[in-house]
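Just so it is clear, the structure is predicted and the values come from calculations on it, not from any experiment. Sequential numbering from 1 along the given sequence is applied to the chain's residues. We count ligands from 1, going down the list as the structure has it; atoms in each ligand are counted the same way.
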Amino acid sequence: MIQPRFITFEGIDGSGKSTQARRLADYLRAQGADVILTREPGGSPGAEEIRQLLLTGDTDRWSAETEILLFTAARRDHLEKTILPALADDKTVVSDRFADSTRVYQGATRGDLRAKVDALHSLMIGREPDLTFIIDMDPATALQRGLARKSGEDRFEDFGLPFQETLRHGFLALAHADPARCVLIDGNRTMDQIASDVAAHL
Ligand code: ADP
Ligand code: TYD
């Protein structure tokens with residue numbers, strides 16, 4: 001089996017993606033891999049600036065359509081400056097979120113904008129991860145965890161619980177639509193149990 005080198009974590013806010021991305025990077029490093037741990041929106045200096053625009057302020061600061069453009073702009077910079085150079089250097093890239101987040105957060109929450117998301121993705125990004133872990137869990141618990149962090153980057157948490165429930169269904173639909181790439185992980189367990197499950201898939 002060929003070892004996947006571009007691995008992403010996806011799921012609703014507070015589902016444990018950052019924790020598991022970090023744990024997987026540590027695990028792969030312990031196996032001798034050269035790993036870059038990165039995140040979206042962000043992961044390059046320019047994209048981190050766009051992150052601030054997207055995650056702070058009122059929920060109505062941007063329409064879903066404008067968000068598609070901003071997240072894709074950030075992703076293009078992340079891809080050019082961080083992801084593609086690392087892969088070309090034979091490194092493994094573990095990213096906390098990537099294009100599936102745009103498919104669900106912008107494509108399926110405030111009207112059906114999926115065709116626009118897909119068109120811009122194929123025009124400007126055109127790259128999928130080798131493997132994606134979608135962490136599925138109860139939205140109410142995840143939202144509590146996310147808001148408890150008080151990160152100041154809560155614009156999407158502020159859309160509320162029904163929004164998180166819509167997101168959950170969107171991620172489940174993605175996992176079912178692309179089983180060759182996406183692995184569904186039960187996030188309603190301890191961090192150690194989830195980390196072992198993730199490592200077992202590799
Ligand atoms: P995300 O990146 O999906 O928003 P995080 O990994 O930042 O999620 O986790 C959100 C919060 O929940 C953090 O405070 C983290 O320590 C905690 N957490 C993560 N995974 C678990 C788990 N399996 N059980 C309990 N708490 C968790
Ligand atoms: P993140 O920092 O991962 O938030 P959390 O730790 O709460 O999961 O991501 C920032 C927010 O940006 C998150 O609410 C999801 C949203 N987002 C989108 O709406 N579209 C996207 O394409 C990406 C990458 C993130």
Q: Could you find the nearest protein heavy atom to atom 25 (C) of ligand 2 and give me its residue, atom name and distance?
A: F71 CE2, 3.4 Å

Q: Tell me which part of Q106 gets within contact of ligand 2: side chain, backbone, both or neither, using heavy atoms under 4.0 Å.
A: side chain

Q: Give the residue, atom name and distance (to 0.1 Å) of the protein heavy atom nearest atom 16 (C) of ligand 2.
A: F156 CD1, 3.7 Å

Q: Could you pull out all residues at least two apart from R5 that satisfy side chain to side chain donor-acceptor pair (under 3.5 Å)?
A: none

(Q) Checking a contact table here: which protein heavy atom is nearest atom 2 (O) of ligand 2, and how many Å away? (A) R51 NH2, 2.9 Å

Q. Side chain, backbone, both or neither: which part of R149 comes within less than 4.0 Å of ligand 2 when only heavy atoms are counted?
A. side chain

Q. Does D138 pair with R168 as a salt bridge, N-O distance under 4.0 Å?
A. no

Q | Option set R145, M137, E157, criterion heavy-atom distance to atom 22 (C) of ligand 1, minimum | A | R145

Q.
I'd like to know if K116 pairs up with E65 as an ion pair, taking the criterion as any Lys NZ or Arg NE/NH1/NH2 lying under 4.0 Å from an Asp or Glu carboxylate oxygen.
A. no

Q | R97 (side chain) donor-acceptor with G11 (main chain) under 3.5 angstrom | A | yes

Q: Just go through T8, I12, L55, D13 and tell me whose heavy atom is the nearest to atom 7 (O) of ligand 2.
A: D13

Q: Could you tell me which atoms of ligand 1, counted from 1 in the order shown, lie closer than 4.0 angstrom to a heavy atom of S18?
A: 1 (P), 2 (O), 6 (O), 7 (O)

Q. How about S95 and T8: does a side-chain donor come under 3.5 Å of a side-chain acceptor?
A. no

Q | Where L87 and R127 come nearest, the two heavy atoms and their spacing | A | CD1-NH2, 3.7 Å

Q) Would you call R75 a ligand 2 contact, heavy-atom distance under 4.0 Å? A) yes

Q. Is there a heavy atom of R189 sitting under 4.0 angstrom from any atom of ligand 1?
A. yes

Q) At what distance is the nearest protein heavy atom to atom 3 (O) of ligand 1, and which residue and atom is it? A) K17 NZ, 2.5 Å

Q) Would you say atom 19 (C) of ligand 1 has a protein heavy atom nearer than 4.0 Å? A) yes

Q. Is it true that G146 lies under 4.0 Å from ligand 1, counting heavy atoms only?
A. no

Q) Taking both backbone and side-chain atoms of G14, is any N or O found less than 3.5 Å from an N or O belonging to ligand 1? A) yes

Q.
Is it the case that the side chains of T38 and H78 hold a donor-acceptor pair, with the cut-off being a distance below 3.5 Å and no angle test?
A. yes

**Q.** Proximity of R39 to ligand 2 by residue part, where a heavy atom lies under 4.0 Å
**A.** neither

Q. So is G11 in contact with ligand 1, going by heavy-atom distances below 4.0 Å?
A. no

Q) atom 8 (O) of ligand 1: which protein heavy atom is closest, and how many Å away? A) G16 N, 3.0 Å

Q.
Counting the benzene-type ring for Trp, do F98 and F6 have ring centres under 6.0 Å apart?
A. yes

**Q.** Selection residues 193-202 - residue pairs positive for salt bridge (Lys or Arg N to Asp or Glu O under 4.0 Å), sequence neighbours left out
**A.** R189-D197

Q: Look only at the side chain of S44 and the backbone of K81, and say whether a donor-acceptor pair between them is shorter than 3.5 Å.
A: no

**Q.** Distance-only N or O hit between ligand 1 and D13, under 3.5 Å
**A.** no

(Q) I need the atoms of ligand 1 closer than 4.0 Å to a non-hydrogen atom of I194, numbered in the order shown. (A) 23 (N)

Q. Is it true that I185 and L172 fall in one hydrophobic cluster, defined by side-chain heavy atoms closer than 4.5 Å?
A. no

(Q) Under 4.0 Å from a heavy atom of R149: which atoms of ligand 1 are those, numbered in the order shown and with their elements? (A) 1 (P), 4 (O), 5 (P), 7 (O), 8 (O), 10 (C)

Q. Is the shortest distance from a heavy atom of E157 to ligand 2 less than 4.0 Å?
A. yes

Q.
Among all the protein's non-hydrogen atoms, which is closest to atom 22 (O) of ligand 2, and how far away is it?
A. T102 OG1, 2.5 Å

(Q) Would Q20 count as being in polar contact with ligand 1, using the rule that some N or O on each side must be under 3.5 angstrom apart? (A) no

Q) How close does the nearest protein non-hydrogen atom get to atom 6 (O) of ligand 1, and which residue and atom is it? A) T19 OG1, 2.5 Å

Q.
Under a 4.0 angstrom heavy-atom cut-off, which atoms of ligand 1 come close to T190?
A. 23 (N)

Q | Check ion pair E48-R39 (N to O, under 4.0 angstrom) | A | yes

Q. Which heavy atom of the protein is the closest neighbour of atom 9 (O) of ligand 2, given with residue, atom name and distance?
A. R97 NE, 3.3 Å

Q) Is the charged tip of R110 near the ring of F159: under 6.0 Å from the six-membered ring centre and within 45° of its axis? A) yes

Q | NZ/NE/NH1/NH2 to OD/OE distance under 4.0 Å, D100 and R181 | A | yes

(Q) Looking at Q144, is its backbone amide N or carbonyl O close enough to the side chain of E157 to form a donor-acceptor pair, meaning the two atoms are under 3.5 Å apart? (A) no

